[in-house]
2 protein chains.
Amino acid sequence: MTVGIRDVARAAGVSTATVSRALGRGPVSDALREQVEAAVRATGYRPNLSARRLRSQAARTIGLIVADIRNPFFTAVSRAVEDAAFASGMRVILCNTDEDPAREAMYLRLMEEERVTGVIFAPTRVTLESLDTCPLGFPVVLIDRSGPPGTHDSVVLDNVSAGAALVDHLVARGYARIGGLFGATSTTAQERQAGYAAAMRRHGLALSIRTVAPNAAAGEAEAMRWLADSDRPEALVLSNGLILMGTVRAARNLGLAIPGDLALAGFDNEPWTDLIEPGLTVIEQPVAEIGAQAMQRLFERIASPDQPVRKIILSGRLVVRGSTAQAKRPENRGPN
Amino acid sequence: MTVGIRDVARAAGVSTATVSRALGRGPVSDALREQVEAAVRATGYRPNLSARRLRSQAARTIGLIVADIRNPFFTAVSRAVEDAAFASGMRVILCNTDEDPAREAMYLRLMEEERVTGVIFAPTRVTLESLDTCPLGFPVVLIDRSGPPGTHDSVVLDNVSAGAALVDHLVARGYARIGGLFGATSTTAQERQAGYAAAMRRHGLALSIRTVAPNAAAGEAEAMRWLADSDRPEALVLSNGLILMGTVRAARNLGLAIPGDLALAGFDNEPWTDLIEPGLTVIEQPVAEIGAQAMQRLFERIASPDQPVRKIILSGRLVVRGSTAQAKRPENRGPN
DNA sequence: AACTTTTGTGAAAACGTTTTCAGTCACGGC
DNA sequence: GCCGTGACTGAAAACGTTTTCACAAAAGTT
């Protein structure tokens, strides 16, 4: 059968308590510690983590709940979270919700049953609302998405400013009829939309907003409909990398030149955005820092549960590329 | 304190055994089952999974060990694995090894300590060798990478044929001086290289092979060196999506036109490969099926541990795009 | 009506650890 | 020489479940 701590104890000629202490931290004489280590090697002993967790009531595990790991933003963040967790001897359980509140609820429940040390969570808007009311058995740090500071720490991008920055940039480049295509399920998209709207109003421009499920297929479909219109916008702001990709596809399908027929500015500085011709102007998010900061928030919250709620707001970086080159305004449109 | 099964039992006026049976499958009268369910709702009871696993000796957890979740191939596969696992009520622990044998060993050890039900693993070459000799406490299904059928089931691409197919395609398009840039750490890259070599020999062409760490940065660096040479190849075969991306970057840095100055053919039909101009010719891998098949192999192996080892070989699909347009051979090279 | 089987239930024994508690031993201060 | 005082150690009690075992009651079988 499988070898347990009592087998090691027997092999080392000591009690199970001594083995446990020798393996963990505990006062054990050097002689016995060596005996135990030899016995562990001899028997090929592997501690049973379930038993260890049950007894010590410390899971040393954090849950990471995101919409979809295939979104490069989340894979990058999750990689940072995992590395930080691993460095602290913690394990990570990764969950995909597909932006589905039912799956979110189910995974939160699972996290309770696992008695996890904490959770890092990018919730949909609907779950975000219920999150403050029902207490969970662990601290939660929200990433990417969060409303007004509530009961949970969060680390997010300065989405309003970022959305506005894209508009300001487009206006500076001579565009006026600027549309916005935003994700429908997250506060993040809402905030970016708010930033877009505020900047447009500030510039005295008319809003033109559509929302869509935040994935490439939906983005492409909606962009196809929108851009087929005769009064399509000159420029489009896209609220995340997947919608941006869908829109690029739609433009190509329709034979629209970028930026000649349509300027594009979006979010998420993914590797492909500077490989296509022309490169895409985007807001780059500090993905690694978001992940690392989230872990740090979590650790601090665990260390001192009663400290005031913190909301960390990180700044994006505008990366200007060819997709927002100077507009050829109608009044001075050249031969080409 | 936290509510346990005895609290539920007390609230329902039954024994803990009955609660356990009512929650799982077990003979319980309908009346008591309802009492128990009511008590569970009333107390907000959440079963402790560590305790459950310890007692029942069934982790209902599978480990998924891959090189890097940021590689879109692995994210796609892992998504398929997770969905399949979830559908069977299993949890997934996801681990990144960074192609580092030490990390692989450490994660395999962790899997033993978690007493996982099984593991799906994409090992480096060096770990693959030791894998047959040292017995682990769980069944393993290799994905993407595997040597000759050994002691573990595996599901892989027909890499040799795929590598040869790319060469055949390039030759048919009129290319002769075809180089190959392959990953250094995996058997997969080795097999693709073997297919490349066999096809080249079959066509009577000279081999030109380099190997590199399988990531975009290394691919770019090596491609820069290679393509700066005066006797650079006319076409390049790249052994995975990351190296392919790096090579595209290098070609762009050096001002080489694709396919005019350099034709490219690679692996992994990622979304960006048809967004860049021209599109990239690639072998598409059936990522979802690889993940699903791996889970199926694992379940079958668990169900009947002694069945013969199976190696599932799936075929890739050649997706032809502009990066391998007809070569302009020197003897009939036109003005443009 | 006297047996067997079936069905449902509770008490108690696991599962493999860590942690508490009560020592034992050696040591130094008086 | 006696008595704290530390430093280690082992026996046994947790941790929260599931599962075994025994048994009572109900249901079939002759």
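Throughout, protein chains are lettered first and strands after them, A, B, ... in sequence-line order, and every chain is numbered starting at 1. Side-chain atoms are counted along with the backbone in the values below, which use heavy atoms only and exclude waters and symmetry mates.
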> How many Å lie between CD1 on B/I5 and C1' on D/dC15, as a whole number?
14 Å

> Might you point out which heavy atoms bring B/F138 and B/G118 nearest each other, and give the distance in Å?
CB-CA, 4.2 Å

> Applying side-chain hydrogen bond (donor to acceptor under 3.5 Å, both in side chains) between B/D153 and each of B/R301, B/Q296, B/Q293, report the one that passes.
B/R301

> Listed in order of residue number, which residues of residues 31-45 of chain A have a non-hydrogen atom at under 4.0 Å from DNA chain D?
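Listed by number, they are A/L32.
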
> To the nearest Å, how far apart are B/R21 CZ and D/dC21 P?
13 Å

> Is there, by distance only and without an angle test, a donor paired with an acceptor across the side chain of B/R115 and the base of C/dG16 below 3.5 Å?
no

> Between B/E99 and B/R145, does at least one N-O distance fall below 4.0 Å, as a salt bridge requires?
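Judged by the 4.0 Å cut-off on N to carboxylate O distance, B/E99 and B/R145 do form a salt bridge.
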
> Does a side-chain N-to-carboxylate-O contact under 4.0 Å join B/E114 and A/R53?
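Looking at A/R53 together with B/E114, the answer is yes, because their closest N to O distance falls below 4.0 Å.
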
> Give the rounded distance in Å between these two atoms: CG of B/D7 and C1' of D/dC15.
14 Å

> Calculate the interatomic distance between B/R6 atom CZ and C/dG10 atom C1'; express it in whole Å.
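Those two atoms, CZ and C1', are 13 Å apart.
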
> Check the pair A/E82, B/N96 against side-chain hydrogen bond (donor to acceptor under 3.5 Å, both in side chains), reporting the backbone distance first and the verdict last.
CA-CA 9 Å; A/E82 284 185 345; B/N96 292 298; 2.4 Å; yes

> For B/V14 and for B/L54, locate the closest nucleotide of DNA chain C by heavy-atom distance; then report the residue assigned to the nucleotide nearer the 5' terminus.
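In this pair, the answer is B/V14.
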
> Check whether any side-chain heavy atom of B/V14 lies under 4.5 Å from a side-chain heavy atom of B/V36, and answer yes or no.
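Answer yes - side chains close enough.
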
> Please report the interatomic distance CG(B/N215) to CG(B/D68), rounded to the nearest 0.5 Å.
9.0 Å

> Is the phosphate of C/dG16, meaning OP1 or OP2, less than 4.0 Å from a side-chain N or O of B/Q57?
yes

> Quick one: A/D30 CG to D/dT9 P, roughly how many Å, whole number?
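In whole Å, D/dT9 P lies 10 Å from A/D30 CG.
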
> Between B/I120, B/V66, B/V287, which is the residue that forms a side chain to side chain contact (heavy atoms under 4.5 Å, CB included) with B/V77?
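Testing each of B/I120, B/V66, B/V287 against B/V77, the sole residue satisfying side chain to side chain contact (heavy atoms under 4.5 Å, CB included) is B/V287.
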
> Between D/dC15 atom P and B/N48 atom CG, what is the distance in whole Å?
12 Å

> What distance do A/R103 atom CZ and A/T124 atom OG1 have between them, rounded to the nearest 0.5 Å?
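A/R103 CZ to A/T124 OG1: 12.5 Å, rounded to 0.5 Å.
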
> Are OP1 or OP2 of C/dT9 and a side-chain N or O of B/S29 less than 4.0 angstrom apart?
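Affirmative; the distance criterion is met.
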
> Give a yes or no on whether the backbone of A/A76 and the side-chain of A/S78 come within a donor-acceptor separation of less than 3.5 Å.
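No; judged by distance alone, with no hydrogens or angles, the pair does not exist.
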
> A/R10 has an atom CZ; how far is it from atom C1' of C/dT17, in whole Å?
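Distance check: A/R10 CZ to C/dT17 C1' gives 15 Å.
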
> Any side-chain heavy atom of B/D144 within less than 4.5 Å of one from B/V156?
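No, side chains not in contact.
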
> Of the listed nucleotides (D/dG16, C/dG16, C/dT18), which one gets closest to any side-chain atom of A/S56?
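Minimum distance to the A/S56 side chain belongs to C/dT18.
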
> Over all strands shown, is B/T18 touching base, sugar-phosphate only, or nothing at heavy-atom distances under 4.0 angstrom?
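If one applies the 4.0 Å heavy-atom cut-off, B/T18 turns out to touch the sugar-phosphate alone, with no base involved.
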
> I want to confirm an ordering. Mapping A/R25 and B/A51 to their closest nucleotides on DNA chain C, which one lands closer to the 5' end?
B/A51

> For B/L49 and D/dT18, what is the distance between atoms CG and C1' respectively, to the nearest whole Å?
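B/L49 atom CG is separated from D/dT18 atom C1' by 13 Å.
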
> Would you list the protein and nucleotides 12-14 of chain D atom pairs, both N or O, that sit under 3.5 Å from each other?
residue: D/dA14; atom: N3; partner: A/R55; partner atom: NH1; Å: 2.6

> Rounding to 10 degrees, work out the angle separating the end axes of the helix from C/dA1-D/dT30 to C/dC30-D/dG1 (five pairs an end).
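Terminal axis comparison yields 40°.
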
> With side chains defined as the heavy atoms from C-beta onward, is the minimum distance between A/P214 and A/L242 less than 4.5 Å?
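When only atoms from C-beta onward are counted, A/L242 and A/P214 do not touch, as no gap falls below 4.5 Å.
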
